[in-house]
Amino acid sequence: MASNKVPLKGYMDGIDISAWQDTIDITKVPCDFVIVKATEGTDYKNRFFAKHCDQVIKVGKLLGAFHYANGGDPHSEAEYFIAYSKKYVGKAILVLDWEGQNNPQFGRSDRAWCKEWCDHVYRKTGVKPLIYIQKSAMDNVKGLGYRLWVAQYPDYERTGYQEHPWNEGQYECDIRQYTSVGRLPGYDGNLDLNKSYIDKTTWKKYAAKKTGGSQEKDTGSNSGKSNNKKKSIEVIAKEVIAGKWGNGDDRKSRLKKAGYDYNKVQAKVNAVVKASQKKSIDVIAREVIAGDWGNGDDRKNRLKKAGYDHVKVQNKVNEMLGR
């Protein structure tokens, strides 16, 4: 049984899956949350949806359910999604997946279509959906009153979970998807990997039905206002990296208004981001095996100069080669 404790690292790692991952066993894959495809358009239902959702709930992990839009009638697509996922409404965050493939309205009526679908789902379920969108199109759906799950990849190199995904902090989102070729223990195939900037309590709040049919105003955690007790520079720096304090002069103004020293916060941000640029031991070990770091003392010196522990790297190399 998975632990129900909030991860000590301060954020959550998770995956999103569809029928492509029909054989996945959630009990064997490390993750804090799983977002499962339910429907597409008005004529496709993921036949593994209930199986996967039930697994997620059984092991105590956080659940999400998403609908892939085909750009048809937004009310019809919303109703189709609600009907198929109703067993999990109140238990899962709900998501609209807005992409270009099989969607003629993408790039044409993004705002109107997404708002109608989300408004309808919110009105019928009492759960306020999120919108999944690629970074290049996120401005088309910002400001609709629905939070964002943003996809942006630096490349298509295989990777595990990343503490600081590429381009982190350059824009605001609640969830970031940073690869479609992720690899994790317990599953022999590609996975979409994600970092959630909301914690377990907030996730459950997003998933919960609003009572009384009222659509409560969701100001979120990114207003830039400080609590009565000021947060540490380290905490504020993490929030800046997560995009919760805006950018440029807007960030400076909001930090100053909240009583923080912008220069100190930015210095901490720069230090954290710089530290995150280092590659994982697994990645370096693969590069060593490929011959990218030389041999013998030359390898040791180059690894040391780059800030890596050559002993740990060599141990990982030996492990990978089955020595």
Contact summary for P30 and Y161, nearest pair of heavy atoms: O-OH, 2.7 Å
Could you grab the distance from atom CG of D32 to atom CG of L62, nearest 0.5 Å is fine? 7.5 Å
Please check if atom NZ in K304 has more than 12 non-hydrogen atoms from other residues, nucleotides or ligands closer than 6.0 Å. no
Rounded to the nearest 0.5 Å, how far does CG of D13 lie from CG of L184? 8.5 Å
Give, for atom CG of D261 and atom NZ of K268, the distance between the pair rounded to the nearest 0.5 Å. 13.5 Å
For K195, is the NZ atom crowded, meaning more than 12 foreign heavy atoms sit under 6.0 Å from it? yes
Pairwise side-chain contact, Y206 with D174, heavy-atom cut-off 4.5 Å (strictly under): yes
Of all residues at least two apart in sequence or in a different chain, which pass the side chain to side chain contact (heavy atoms under 4.5 Å, CB included) check with A78? W117, H120, V121
Going only through I, L, V, M, F, W and Y residues with side-chain contacts under 4.5 Å, is there a path from I57 to F49? yes
Minimum-distance pair of heavy atoms, taken over all atoms of K316 and A285: CG-CB, 3.4 Å
If I take atom OG1 from residue T42 and atom OH from residue Y80, how far apart are they, to the nearest 0.5 angstrom? 7.0 Å
Measure the CD-CD distance between E168 and Q162 for me, rounded to the nearest 0.5 Å. 9.5 Å
Any non-hydrogen side-chain atom of Q152 less than 4.5 Å from a side-chain atom of Q170? no
Can you find a heavy atom in the side chain of K210 that is under 4.5 Å from one in the side chain of Y122? yes
Under 3.5 Å, is there a donor-acceptor pair between the Y153 and N167 side chains? no
Using the six-membered ring wherever Trp is involved, compare the ring planes of F81 and H67 and label them parallel, tilted or perpendicular (cut-offs 30° and 60°). tilted
Looking at side-chain heavy atoms only, is the closest gap between F66 and N46 below 4.5 Å? no
Quick one: does E239's side chain get under 4.5 Å of V235's, heavy atoms only? yes
For residues 19-28, which side-chain N or O atoms pair as donor and acceptor with protein atoms under 3.5 Å away, sequence neighbours left out?
| unit_1 | atom_1 | unit_2 | atom_2 | d |
| --- | --- | --- | --- | --- |
| Q21 | OE1 | S18 | N | 2.9 |
| D25 | OD1 | T27 | N | 3.1 |
| D25 | OD1 | T27 | OG1 | 2.6 |
| D25 | OD2 | T27 | OG1 | 3.2 |

Determine whether R299 and Q314 make a side-chain contact, defined as any pair of heavy atoms from C-beta on separated by less than 4.5 Å. yes
Checking I15 against L193 for the side chain to side chain contact (heavy atoms under 4.5 Å, CB included) test, could you report, in this order, the C-alpha distance in whole Å, the side-chain angles of both residues, the deciding distance, and whether it holds? CA-CA 5 Å; I15 59 176; L193 302 186; 3.8 Å; yes
Under the salt bridge (Lys or Arg N to Asp or Glu O under 4.0 Å) rule, collect the residues that match up with D298, sequence neighbours excluded. R302
Side-chain contact, heavy-atom cut-off 4.5 Å: V313 with I281? yes
What heavy-atom pair brings A65 and A92 nearest, and what distance separates the two atoms? N-CB, 4.1 Å
Look up atom CD1 in I93 and atom OH in Y88, then write down how far apart they are to the nearest 0.5 Å. 15.5 Å
Qualifying side-chain hydrogen bond (donor to acceptor under 3.5 Å, both in side chains) pairs, either residue in residues 94-103, two or more places apart: W98-D110
Salt bridge between D282 and R158, side-chain N to carboxylate O under 4.0 Å? no
Criterion side chain to side chain contact (heavy atoms under 4.5 Å, CB included) on L96 and C114, from CA distance to verdict: CA-CA 8 Å; L96 170 64; C114 290; 3.8 Å; yes
Heavy-atom donor-acceptor pair, N70 side chain to G72 backbone, under 3.5 Å: no
Do the side chains of V34 and V29 get nearer than 4.5 Å, heavy atoms only? no
Shared ILVMFWY cluster between V56 and Y84, side chains joined below 4.5 angstrom? yes
Which atom pairs, donor and acceptor, lie under 3.5 Å between side-chain atoms of residues 129-145 and protein residues at least two apart or in another chain?
| unit_1 | atom_1 | unit_2 | atom_2 | d |
| --- | --- | --- | --- | --- |
| Y132 | OH | Q177 | OE1 | 2.7 |
| Q134 | NE2 | S136 | OG | 2.8 |

Transitively linked via ILVMFWY side-chain contacts under 4.5 Å: W293 with L321? yes
Using the rule that Ile, Leu, Val, Met, Phe, Trp and Tyr join whenever any side-chain heavy atoms are under 4.5 Å apart, tell me whether V36 and V59 fall into a single cluster. yes
Residue pairs passing the salt bridge (Lys or Arg N to Asp or Glu O under 4.0 Å) test where at least one lies in residues 176-185, sequence neighbours excluded: R183-D188
Is it true that the NZ or CZ of K115 lies under 6.0 Å from the centre of Y146's six-membered ring and within 45 degrees of the ring axis? no
Smallest heavy-atom separation, I175 atom then Y197 atom, equals N-CD1, 4.5 Å
Nearest atoms (heavy-atom pairs only) where V127 meets A208: CG2-O, 3.9 Å
Report yes or no: is the cationic atom of K37 (NZ for Lys, CZ for Arg) under 6.0 Å from the centre of the six-membered ring of Y68, at an angle within 45° of the ring normal? yes
Over 12 non-hydrogen atoms of neighbours within 6.0 angstrom of CZ in R111: yes
Which atom names give the shortest non-hydrogen contact between W203 and L63, and what distance separates them? NE1-O, 3.0 Å
Using only heavy-atom distances, determine whether the side chains of N315 and E319 contain a donor-acceptor pair under 3.5 Å. no
